[in-house]
Trainee: 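Have a look at this one before I ask anything.
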Protein chains: 2
Amino acid sequence: MNENVSMAVVRRLPRYYRYLEELLRSGVNRISSGALSARMGLTASQIRQDLNCFGGFGQQGYGYNVEHLKSEIGRILGADDKKSAIMVGLGYMGHSIVSHIKFDKRGVTIKAIFDIRDEVVGSMVNGIRVYHTDELERICEEIKPEIGILTVPKTEAEKVSERLIRNGVKAFWNFANMDLQMKFPGVYFENVHLGDSLMTLRYRLNDRDKA
Amino acid sequence: MNENVSMAVVRRLPRYYRYLEELLRSGVNRISSGALSARMGLTASQIRQDLNCFGGFGQQGYGYNVEHLKSEIGRILGADDKKSAIMVGLGYMGHSIVSHIKFDKRGVTIKAIFDIRDEVVGSMVNGIRVYHTDELERICEEIKPEIGILTVPKTEAEKVSERLIRNGVKAFWNFANMDLQMKFPGVYFENVHLGDSLMTLRYRLNDRDKA
DNA sequence: TAGATTGTTAATCGATTAACAATC
DNA sequence: TAGATTGTTAATCGATTAACAATC
């Protein structure tokens with residue numbers, strides 16, 4: 001057990017969750033930290049340390065029950081306790097996220113989408129209504145979203161996030177190529193900086209790196 | 001100067017690059033590690049350590065020339081030396097990536113897109129031709145891509161990456177919700193696990209976390 | 001019971017921060 | 001020159017790994 005769980009540990013939890021799902025699907029009922037570590041490319045020690053931040057889920061001499069461990073990690077992550085989200089910006093990225101990601105499985109429900117283009121305002125995407133961004137305040141009043149999904153152009157990101165924060169949003173999934181954390185210290189930003197990711201990949205192909 | 005630069009440092013480089021671009025755009029010609037650290041929410045020490053992995057780009061008593069530092073980091077990342085990429089899978093995600101990301105600015109050029117759906121095969125997306133996946137080998141022969149962009153469903157990811165590796169691909173930008181690193185040890189995978197990212201965000205909204 | 005494997009403490013490793021002499 | 005700020009070494013902090021007693 002551990003009071004303040006580090007970000008490094010938290011970021012590994014969804015990965016454990018995926019592997020446990022996979023194991024369950026292939027009919028494996030029990031697994032040891034050693035066997036799981038071999039599959040995942042970690043040390044058995046690290047897995048045991050990580051899990052013991054949240055409690056003792058295993059049994060000496062036996063290992064871990066896959067189904068039980070999966071459900072415990074799901075509970076820790078909040079997969080079954082849905083939080084409301086709204087998305088702002090229904091461009092390519094917004095559209096792709098909303099149709100591609102299994103929000104339900106991950107404890108998040110998108111309640112509304114906002115955009116400024118008349119072609120999309122009033123339509124439905126994946127069963128979710130698209131409103132004009134002018135209606136943001138009115139709809140937030142009703143929905144009380146805790147999560148904002150920022151799929152707007154960089155130029156709009158700061159303005160939009162400020163409006164959302166004023167309306168009670170506490171955490172952002174930020175796809176805009178911009179850091180907002182410094183501007184809004186009390187709020188959590190989970191950044192998906194695809195440009196940064198691509199540049200990191202590009203770096204690995206440098207010759208210097210191989211030498 | 002440093003022989004083996006750690007991943008932690010490399011992942012900060014694109015972020016420095018973004019901030020330097022921003023500074024340059026707003027007409028700032030010179031910056032000290034202290035001033036930059038305040039903007040970025042890092043320590044000045046860390047910035048100096050990071051940069052000195054690659055060389056001494058500053059000047060005592062002055063700081064760093066923004067334009068020079070930006071171009072040096074660009075060079076380190078390989079932004080000006082284009083590497084060939086191909087994309088496999090033109091679903092929502094593929095489409096969004098290809099139209100949204102500034103590959104050119106980041107040292108990567110997409111040379112071809114592959115999909116299996118007749119509706120899209122033969123079309124052009126952002127000036128890039130879409131081929132049937134059956135033609136993968138033939139086109140790879142011609143293009144010799146170093147980077148593979150995996151925007152296929154999870155079920156196809158392993159099969160596709162194996163084919164690409166056989167055809168010379170050395171690094172993947174992987175959007176499939178699956179880890180392939182263990183299966184292909186010599187190859188680099190830059191994973192964009194959006195599901196994991198969303199779950200990490202969801203975790204932060206748990207009450208326990210706030211207490 | 002004996003073997004296996006956990007939970008947990010201690011040791012190690014690596015990354016971040018602090019300090020300061022060098023120097024522009 | 002004096003003040004500012006780097007590059008770099010040393011100190012600290014945190015995360016990972018190793019070890020092992022507890023125990024199923």
Side-chain angles (χ1 to χ4, degrees), chain A residues 1-16 19-20 23 28-73 76 181-182 200 203, chain B residues 1-16 19-20 23 28-70 72-73 76 181-182 200 203 209:
Chain A
M1 286 287 201
N2 203 322
E3 287 308 293
N4 263 32
V5 179
S6 81
M7 204 57 189
V9 173
V10 174
R11 289 212 175 278
R12 280 191 292 268
L13 293 179
R15 189 152 175 262
Y16 291 133
Y19 274 81
L20 291 164
L23 284 168
V28 179
N29 295 317
R30 101 186 215 201
I31 192 139
S32 67
S33 58
L36 187 57
S37 73
R39 275 175 185 260
M40 296 186 67
L42 302 171
T43 63
S45 237
Q46 181 163 61
I47 292 178
R48 293 203 300 278
Q49 286 274 23
D50 284 355
L51 298 179
N52 282 90
C53 292
F54 302 97
F57 304 128
Q59 202 172 323
Q60 278 105 327
Y62 173 90
Y64 299 86
N65 176 287
V66 174
E67 178 143 40
H68 176 245
L69 185 56
K70 173 183 171 286
S71 92
E72 285 292 325
I73 294 180
I76 293 161
Q181 188 69 82
M182 292 299 288
T200 305
Y203 173 85
Chain B
M1 287 286 200
N2 205 322
E3 287 307 295
N4 263 32
V5 179
S6 81
M7 205 55 189
V9 173
V10 174
R11 290 213 174 276
R12 281 192 291 269
L13 293 178
R15 188 152 175 261
Y16 291 133
Y19 273 82
L20 291 164
L23 285 168
V28 179
N29 295 316
R30 101 185 215 202
I31 192 138
S32 68
S33 59
L36 187 58
S37 73
R39 274 175 186 259
M40 295 186 67
L42 302 171
T43 63
S45 237
Q46 180 163 60
I47 292 179
R48 293 203 300 278
Q49 287 274 22
D50 284 355
L51 298 178
N52 282 91
C53 290
F54 303 96
F57 304 127
Q59 199 171 325
Q60 277 104 327
Y62 172 90
Y64 299 87
N65 177 287
V66 174
E67 177 142 40
H68 175 244
L69 185 56
K70 172 182 172 286
E72 284 292 325
I73 294 179
I76 292 161
Q181 187 69 82
M182 291 299 288
T200 306
Y203 173 85
D209 199 52

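By convention in this document, chain letters (A, B, ...) are assigned in the order of the sequence lines, proteins followed by strands, and residues within each chain are numbered from 1.
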Trainee: Whole-Å distance between D:dC13 C1' and B:Gln49 CD?
Mentor: 14 Å
Trainee: Quick one, A:Leu51 and A:Ile73 - any side-chain contact, counting heavy atoms below 4.5 Å?
Mentor: yes
Trainee: Sort out the partner of C:dT8 for me: Watson-Crick or G-U wobble, both distances under 3.5 Å, none otherwise.
Mentor: D:dA19
Trainee: Report the base-pairing partner of C:dG3 (Watson-Crick or G-U wobble, both distances below 3.5 angstrom), or none.
Mentor: D:dC24
Trainee: Whole angstrom is fine here: how far is it from NE2 in A:His68 over to P in D:dC24?
Mentor: 15 Å
Trainee: Distance check needed: D:dA15 C1' versus A:Leu42 CG, whole Å only.
Mentor: 13 Å
Trainee: Starting the side chain at C-beta, find the nucleotide from D:dG7, C:dT6, D:dT17 nearest to A:Gln46.
Mentor: D:dT17
Trainee: Rounding to an integer number of Å, can you tell me how far B:Arg30 CZ sits from D:dT6 C1'?
Mentor: 12 Å
Trainee: Can you see if the side chain of A:Tyr64 gets near the phosphate of C:dG7 - specifically, an N or O under 4.0 Å from OP1 or OP2?
Mentor: yes
Trainee: Verify, without hydrogens or angle tests, whether B:Arg39 (side chain) and B:Gly34 (backbone) share a donor-acceptor contact under 3.5 angstrom.
Mentor: no
Trainee: Looking for any heavy atom pair under 4.0 Å, which part of the strands does A:Ser45 touch: base, sugar-phosphate only, or nothing?
Mentor: base
Trainee: Just the rounded figure in Å: distance from C1' of C:dG14 to CG of B:Asp50.
Mentor: 14 Å
Trainee: Hunt down the Watson-Crick or G-U wobble partner of D:dG14, both distances under 3.5 Å, from any strand shown, or write none.
Mentor: C:dC13
Trainee: Could you tell me the separation between the CE atom of B:Met7 and the P atom of D:dT16, rounded to a whole number of Å?
Mentor: 15 Å
Trainee: Do other residues, nucleotides or ligands put more than 12 heavy atoms under 6.0 Å from A:Gln181 CD?
Mentor: yes
Trainee: Output the rounded distance in Å from CG (B:Asn52) to P (C:dA21).
Mentor: 18 Å
Trainee: Taking the six-membered ring of A:Tyr64 as reference, does the cationic atom of A:Arg30 (NZ for Lys, CZ for Arg) lie under 6.0 Å from its centre and within 45° of its axis?
Mentor: no
Trainee: Does A:Thr43 put a side-chain nitrogen or oxygen below 4.0 Å from OP1 or OP2 of D:dT17?
Mentor: yes
Trainee: To the side chain of A:Gln59, which of D:dT16, D:dC24, D:dT8 is closest?
Mentor: D:dC24
Trainee: Give the rounded distance in Å between these two atoms: CD of B:Gln60 and C1' of D:dT6.
Mentor: 4 Å
Trainee: Does A:Arg48 place a side-chain N or O at less than 4.0 Å from the phosphate oxygens OP1/OP2 of C:dT6?
Mentor: yes
Trainee: Do the side chains of A:Ile31 and A:Asn65 get nearer than 4.5 Å, heavy atoms only?
Mentor: no
